[in-house]
Amino acid sequence: MKIVVTGATGFVGTKLVEQLHALGDRIVVLARNSQKASSLFPQSSFPNVEVVGYNPLKLGDWAGVISGSDAVINLAGEPLAGVRWTDKRKQEIRDSRILTTKVLVEAIAQAEVKPQVLISGSAIGYYGTSLDKTFDEYSVAGDDFLANVCKYWEDAAEAVTGLGVRLVKLRTGIVLGMGGAIAKMLPIFQVGGGGKLGTGKQWFSWIHRDDLIELIIYALKNSEVTGAINATAPQPVTNEDFTIALSKAIKRPAFLPAPAAALILVFGEGATVLLDGQRVIPHKAEIYKFAFKYPDIDSALTQILA
């Protein structure tokens, strides 16, 4: 297959391109920083990867690579966690998801030969937050900042269905692997400074990066997969349970909680990513008989930290 990928230099995108290349697919990487992308995917190691520089906020010559492709995978988006949400940052979060998706859909609309499928990123923030509810793909959307971003993000992608393109909306949870969130937490936990965040009762719906990549490829290759699909492991945990599992996996104590007030002081509204959560079940993945390699947090962390 010829597959166009945005967000290919990120934590998930890099491994996805590596896996697709290993499967023999031809990949076109649309990259804001083409120099970075070329260093990640050198021709000597990735002969079937072509890097094309693009402005994700504006149509340009890059749009020509869409025509004749079999699939487009849209993983672009500014990071949410670890930064204070100023008005400027919130606009960047919106634009990097909603506006970039609108532009990508415009490029698909212009293509003489349209792709068969668009797999477009979204997030479980779509559902809002709750301590007691359980959400699946048939649950209604929330009404906070992230939920509204996700709704407009998905609406932007929805336009391809009118072009005869199959759409998969990938509602991703917290992605675990060596790097990403684990890389930020590990040094703190290794010196015994880890602990639950706030009350620790907030839900932590996660997925191992390997399972996420396999789910994307599964959705890519199987035409019956359509609409929203939750990219989360079947066994979500609370933040407190995750803290215990991580401290057990690295054999270090974790008894220094981070008070909610301190996190709000540092991150402002952005602290919601750490202090609030939602219990999300991958109901449609189970319907499609997708097999998770790491369904529980202990097996996932054991593999990651091995």
Side-chain angles (χ1 to χ4, degrees), residues 1-8 10 12-13 16-17 20 25-32 50 52 54-78 93-127 137-138 140-141 146-172 212-213 215-231 282 284-285 287-288 290:
M1 299 175 75
K2 177 188 174 185
I3 303 165
V4 177
V5 182
T6 71
V12 175
L16 175 64
V17 171
L20 290 172
D25 293 311
R26 177 188 167 202
I27 304 104
V28 178
V29 169
L30 289 178
R32 286 182 301 174
E50 176 187 0
V52 174
Y54 89 129
N55 179 349
L57 303 178
K58 187 178 180 182
L59 278 176
D61 291 343
W62 61 265
V65 303
I66 300 290
S67 185
S69 64
D70 296 290
V72 177
I73 303 175
N74 178 29
L75 300 178
E78 289 289 331
I93 289 169
R94 292 188 195 96
D95 288 348
S96 68
R97 289 163 171 77
I98 301 164
L99 187 52
T100 59
T101 301
K102 284 182 178 178
V103 171
L104 193 61
V105 169
E106 287 176 15
I108 293 172
Q110 287 185 3
E112 288 187 21
V113 181
K114 292 175 174 45
Q116 297 166 19
V117 59
L118 168 64
I119 296 180
S120 195
S122 184
I124 59 172
Y126 175 92
Y127 302 110
E137 292 87 350
Y138 304 101
V140 298
L146 287 181
N148 285 318
V149 168
C150 290
K151 282 188 283 187
Y152 289 117
W153 192 8
E154 292 189 9
D155 285 347
E158 198 72 44
V160 297
T161 59
L163 302 171
V165 177
R166 177 168 63 95
L167 174 64
V168 178
K169 296 175 286 189
L170 199 68
R171 293 178 183 162
T172 306
L212 174 56
I213 288 166
L215 182 61
I216 292 171
I217 293 171
Y218 186 88
L220 191 68
K221 309 283 186 181
N222 290 274
S223 60
E224 72 273 14
V225 180
T226 186
I229 186 166
N230 290 334
K284 284 178 71 173
I287 290 174
Y288 294 130
F290 176 78

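Between Y288 and Y218, the ring-plane angle classifies as tilted under the 30° and 60° cut-offs.
Taking a cutoff of 4.0 Å between a charged side-chain nitrogen and a carboxylate oxygen, R97 and E78 do not qualify as a salt bridge.
Closest approach of A109 and K114 over heavy atoms only: O-NZ, 3.2 Å. Of all heavy-atom pairs spanning C150 and A123, the tightest one is SG-O, 3.7 Å. When every heavy atom of R32 is checked against every heavy atom of P56, the shortest pair comes out as CG-CD, 3.3 Å. The two residues V140 and Y126 come nearest to each other via the heavy atoms C-CE2, 4.2 Å. Of all heavy-atom pairs spanning T6 and A76, the tightest one is OG1-N, 3.5 Å.
When the ring pair (Phe, Tyr, Trp, His ring centres under 6.0 Å) test is applied to Y54, the partners found at least two apart in sequence or on another chain are W62. Annotation: side chain to side chain donor-acceptor pair (under 3.5 Å) contacts of R171 (sequence neighbours excluded): Y127, E154. Qualifying salt bridge (charged side-chain N to carboxylate O under 4.0 Å, His left out) partners for E137, counting only residues two or more places apart in sequence or in other chains: none.
Here the straight-line distance linking atom CD1 of I108 with atom CD1 of I66 works out to 5.5 Å at 0.5 Å rounding. Separation of atoms CG (L99) and CG (L104) is listed at 11.5 Å; rounding is to 0.5 Å. Taken from CG in L16 to CG in L75, the straight-line distance is 6.5 Å, to the nearest 0.5 Å.
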Side chains of residues 155-169: which donor-acceptor pairs under 3.5 Å do they make with residues two or more places apart or in other chains?
| residue | atom | partner | partner atom | Å |
| --- | --- | --- | --- | --- |
| E158 | OE1 | K169 | NZ | 2.9 |
| T161 | OG1 | E158 | O | 2.7 |
| R166 | NH1 | A219 | O | 3.0 |
| R166 | NH1 | N222 | O | 3.2 |
| R166 | NH1 | V225 | O | 2.6 |
| R166 | NH2 | A219 | O | 3.1 |
| R166 | NH2 | L220 | O | 3.3 |

> Please walk me through it: do K151 and V149 pass side-chain contact (heavy atoms from CB on, under 4.5 Å)?
Replying inline: CA-CA 6 Å; K151 282 188 283 187; V149 168; over 6 Å; no
> Can you list the steps and then say if N230 with T172 is a side-chain contact (heavy atoms from CB on, under 4.5 Å)?
Replying inline: CA-CA 6 Å; N230 290 334; T172 306; over 6 Å; no
> Given the rule in the side-chain contact (heavy atoms from CB on, under 4.5 Å) test, do V5 and L30 qualify, once you have shown the distances and angles that lead to the verdict?
Replying inline: CA-CA 6 Å; V5 182; L30 289 178; over 6 Å; no
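In this structure, the side chains of E50 and V52 come closer than 4.5 Å at one or more pairs of heavy atoms.
Between the side chain of K58 and the main chain of N55, no donor-acceptor pair closer than 3.5 Å is present.
The side chain to side chain contact (heavy atoms under 4.5 Å, CB included) test with V12 singles out one residue from I73, V17, L170, L212, and that residue is L212.
Dense packing is recorded around CD of E224, with more than 12 heavy atoms of other residues, nucleotides or ligands lying under 6.0 Å away. Remark: R94 CZ is packed, more than 12 non-hydrogen atoms of other residues, nucleotides or ligands lying under 6.0 Å away. Remark: F290 CZ is packed, more than 12 non-hydrogen atoms of other residues, nucleotides or ligands lying under 6.0 Å away.
Under the side chain to side chain donor-acceptor pair (under 3.5 Å) criterion, the residue pairs touching residues 99-108 are N74-T101, T101-W153, with sequence neighbours excluded. Screening residues 64-73 for side chain to side chain donor-acceptor pair (under 3.5 Å) gives no qualifying pairs among residues at least two apart or on separate chains.
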